[in-house]
Amino acid sequence: CYPSRVGLPNVLDHTANIGLHEDETTIAEVLKSRGYATACYGKWHLGHHSKFLPTRHGFDEYFGLPYSNDMWPRHPTYDAFPSLPLIEGEEILQYNPDQRQLTTWYTRRAVNFITRHKEEPFLVYLAHTMAHVPLHVSDKFAGRSAQGPYGDVLMELDWSVGQILSTVRALGLDSNTLVVFTSDNGPWLSYGDHAGSALPLREGKGTAFDGGQREPFIAWWPGQIPAGSVCRELAVTFDLLPTLAGLAGADLAPGRTIDGRDIWPLLSGAPNAVTPHDAFFYHLGGRVHAVRSGKWKLHAPHKYRSLAGEGGGGWPGPYENKEIGWALFDLETDIGETVRWALMYPDAYEIGLPNQGVQILYEVINERPDALAERTYAVWPDLEKLMRENAVPQFTVDQHRPVGAFDLFGLSFSTELGYTNMLTAIDLAGIPLHARDRDETHPIVIAGGHAAFNPETIADFVDAAVLGDGEQAVLAITD
């Protein structure tokens with residue numbers, strides 16, 4: 001899959017007359033300039049006509065399917081697909097191949113290529129067809145997993161990775177070979193037991209939530225990448241182009257602007273290495289649905305698909321459309337994007353709050369006003385820390401005895417109307433406070449939304465404020 005920003009508006013199939021432009025530079029072309037042998041095995045999906053195939057874009061060899069393996073006559077819900085071609089080089093070997101053999105065929109060719117080119121630098125791009133639906137697995141792994149066909153497929157993919165790593169080790173190339181394992185999107189949830197799960201991430205493929213976007217990324221290079229190390233900084237698959245170019249000492253295409261950045265400091269465990277991306281945009285359907293900066297992820301109002309009924313046995317279940325408004329999530333503490341951390345407030349930036357995250361989000365949004373909304377917003381994510389640093393008192397509120405009026409950073413709030421008014425004012429400001437529930441005092445952090453009702457106790461407030469779609473209450477009580 002690919003985002004619409006690269007100029008491919010839809011997923012390409014047999015009817016497409018467009019594909020990867022000849023002026024674009026691939027990783028294979030960059031590495032060939034340094035004498036690398038290059039091969040691509042598996043799914044291509046950047047155009048099926050000869051001029052778009054891998055052999056026209058820097059790869060010496062190609063063997064695989066030119067688009068998704070479900071684009072064939074046996075699709076469960078669409079009967080207009082023609083026969084699916086299996087291509088070697090630029091020639092069609094056969095139609096509707098035995099997909100049970102694809103993983104084995106790709107693996108054997110990759111191993112053979114590595115063995116043939118052990119004396120020279122090489123690149124193998126192995127884009128396995130599985131575990132895309134329809135699922136197919138060879139006899140050697142069929143029925144072996146307790147998780148059914150999906151588990152069988154994963155076991156065979158694990159075998160494939162093992163075959164490649166064993167070959168690299170056996171040829172004595174492990175100290176000079178970088179291996180990367182990753183994927184392109186989250187699970188296609190409508191296919192149920194044939195799709196896997198992204199939990200604890202929210203939603204799946206086709207959404208801007210991390211369940212559709214965040215992927216495993218495993219890099220292996222003995223002696224260069226510390227074994228067992230974990231990097232939690234933001235990186236993107238398009239970072240691989242400049243990273244590999246840097247490692248190979250290759251120049252990128254002059255005069256071209258690329259999105260990727262060199263992430264070798266992250267992979268190699270360099271001290272204090274941080275993401276090279278100040279902000280990352282999540283695109284869908286020609287619009288920006290979300291933007292991430294550091295640990296903060298801000299969703300703009302948009303519709304998204306969500307599972308309405310699970311499929312199974314290779315048949316998809318239905319989706320339904322849902323909507324999310326402006327919502328900020330702290331991905332360090334809330335990986336599932338369930339707690340809206342702070343209310344969007346249109347004048348927060350003008351107030352001058354000293355918060356780097358706010359400034360970055362505000363600036364990147366204002367650079368793309370057409371892609372987000374007519375009105376721009378900033379957010380107040382770190383106000384509790386801000387209050388401590390500025391010695392601002394945290395107000396203790398008794399639900400029966402309001403504390404009166406107060407000023408904070410030039411904003412005046414009044415509690416003359418009582419406890420509910422105090423909660424509403426605090427909610428609009430996003431300010432942490434303390435409130436008394438019966439005989440105990442609890443710190444409360446407002447997490448977004450409006451307190452537009454009159455609860456009798458803090459507990460009632462929390463119960464009443466629970467939002468739909470798995471999102472938690474607009475305030476959180478912590479002891």
Side-chain angles (χ1 to χ4, degrees), residues 1-73 75 81-99 101-114 116-117 121-130 132 136 160 164 180 182-185 237-238 240-241 244-245 250 252-253 256 258 260:
C1 293
Y2 28 74
S4 57
R5 61 181 175 74
V6 303
L8 295 175
N10 299 297
V11 174
L12 303 182
D13 61 15
H14 65 286
T15 66
N17 289 315
I18 60 174
L20 184 62
H21 195 278
E22 61 182 4
D23 290 343
E24 295 296 337
T25 302
T26 66
I27 292 174
E29 289 171 320
V30 169
L31 295 184
K32 277 189 73 67
S33 70
R34 298 292 295 167
Y36 278 66
T38 57
C40 173
Y41 304 117
K43 178 180 176 181
W44 177 239
H45 221 164
L46 288 169
H48 68 288
H49 295 295
S50 294
K51 64 181 179 180
F52 302 131
L53 291 176
T55 49
R56 302 291 182 95
H57 292 278
F59 289 97
D60 300 324
E61 298 183 13
Y62 171 58
F63 175 84
L65 305 181
Y67 33 76
S68 294
N69 64 318
D70 63 341
M71 295 178 177
W72 69 335
H75 193 283
F81 284 120
S83 295
L84 177 67
L86 176 66
I87 297 176
E88 182 170 24
E90 298 180 9
E91 302 296 325
I92 296 175
L93 290 181
Q94 57 179 287
Y95 288 99
N96 299 327
D98 182 357
Q99 293 199 33
Q101 305 305 318
L102 289 178
T103 300
T104 299
W105 288 342
Y106 297 160
T107 304
R108 287 177 177 171
R109 286 175 179 261
V111 167
N112 179 271
F113 183 87
I114 293 170
R116 285 187 283 120
H117 295 279
F122 61 83
L123 165 71
V124 176
Y125 172 46
L126 175 52
H128 273 298
T129 295
M130 304 301 151
H132 197 288
H136 292 276
S160 174
I164 292 170
V180 172
T182 188
S183 187
D184 58 349
N185 52 246
T237 49
F238 56 52
L240 284 173
L241 173 60
L244 296 179
L252 296 175
R256 301 298 297 272
I258 64 171

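What you see is a predicted model, and the numbers here were worked out from it, not measured in a lab. In this chain, residues are counted from 1 in sequence order.
Looking at residues two or more places apart in sequence or on another chain, you find no ring pair (Phe, Tyr, Trp, His ring centres under 6.0 Å) involving His49. Under the side chain to side chain donor-acceptor pair (under 3.5 Å) criterion, Glu88 pairs with Arg109, sequence neighbours left out. For the ring pair (Phe, Tyr, Trp, His ring centres under 6.0 Å) test, no residue two or more places apart in sequence or in another chain qualifies with His21.
A distance-only check finds a donor-acceptor pair linking the side chain of Thr26 to the backbone of His57 [under 3.5 Å]. Side chain of Thr129 to backbone of Gly42: no donor-acceptor contact under 3.5 angstrom is found. No donor-acceptor pair under 3.5 Å is formed between the side chain of His136 and the backbone N or O of Gln101.
For the pair Phe63 and Leu86, the minimum side-chain heavy-atom distance is below 4.5 Å. At a threshold of 4.5 Å between non-hydrogen side-chain atoms, the residues Glu61 and Tyr41 count as touching. By the 4.5 Å heavy-atom criterion applied to side chains, Leu84 and Leu65 are counted as neighbours. Using a 4.5 Å heavy-atom threshold, the side chains of Val30 and Leu241 count as touching. The shortest distance between side-chain heavy atoms of Thr38 and Glu29 does not fall below 4.5 Å. A 4.5 Å side-chain heavy-atom check between Pro85 and His48 finds every atom pair outside the cut-off. In this structure, the side chains of Thr103 and His128 come closer than 4.5 Å at one or more pairs of heavy atoms. Using a 4.5 Å cut-off on side-chain heavy atoms (C-beta onward), Leu31 and Pro121 make no contact.
Between Ser83 and Asn96, the closest heavy-atom pair is OG-ND2, 3.2 Å. When every heavy atom of Phe113 is checked against every heavy atom of Leu123, the shortest pair comes out as CE2-O, 3.9 Å. Nearest heavy atom pair, residue Ser160 against residue Thr107, reads OG-OG1, 2.7 Å. Of all heavy-atom pairs between Tyr106 and Leu126, the closest is CB-CD1, 3.6 Å. Scanning all heavy atoms of the two residues, the minimum distance from His132 to Ser68 falls at NE2-OG, 3.8 Å.
The distance from the CG atom of Leu12 to the CE atom of Met71 is 8.0 Å, given to the nearest 0.5 Å. Note: Asn112 CG to His117 NE2 = 8.5 Å, rounded to the nearest 0.5 Å. Atom NE2 of His45 sits about 13.0 Å away from atom CZ of Phe52, to the nearest 0.5 Å. Remark: Thr25 OG1 to Asp23 CG distance equals 8.0 Å, nearest 0.5 Å. Taking CD1 of Ile258 as the reference point, atom CG of Leu252 lies at 4.5 Å (rounded to 0.5 Å). Expressed to the nearest 0.5 Å, how far CG of Asp60 lies from NZ of Lys32 amounts to 3.5 Å.
Remark: Arg108 CZ is loosely packed, at most 12 non-hydrogen atoms of other residues, nucleotides or ligands lying under 6.0 Å away.
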Derivation and outcome, side chain to side chain contact (heavy atoms under 4.5 Å, CB included), residues Ile114 and Val124: CA-CA 8 Å; Ile114 293 170; Val124 176; 3.9 Å; yes

How far apart are the C-alpha atoms of Glu90 and Tyr62, what are their side-chain angles, what is the distance that settles it, and do they pass the side chain to side chain donor-acceptor pair (under 3.5 Å) test? CA-CA 8 Å; Glu90 298 180 9; Tyr62 171 58; over 6 Å; no

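Between Trp44 and Phe59, the angle of the ring planes goes over 60°, which puts this pair in the perpendicular group of the 30/60° scheme.
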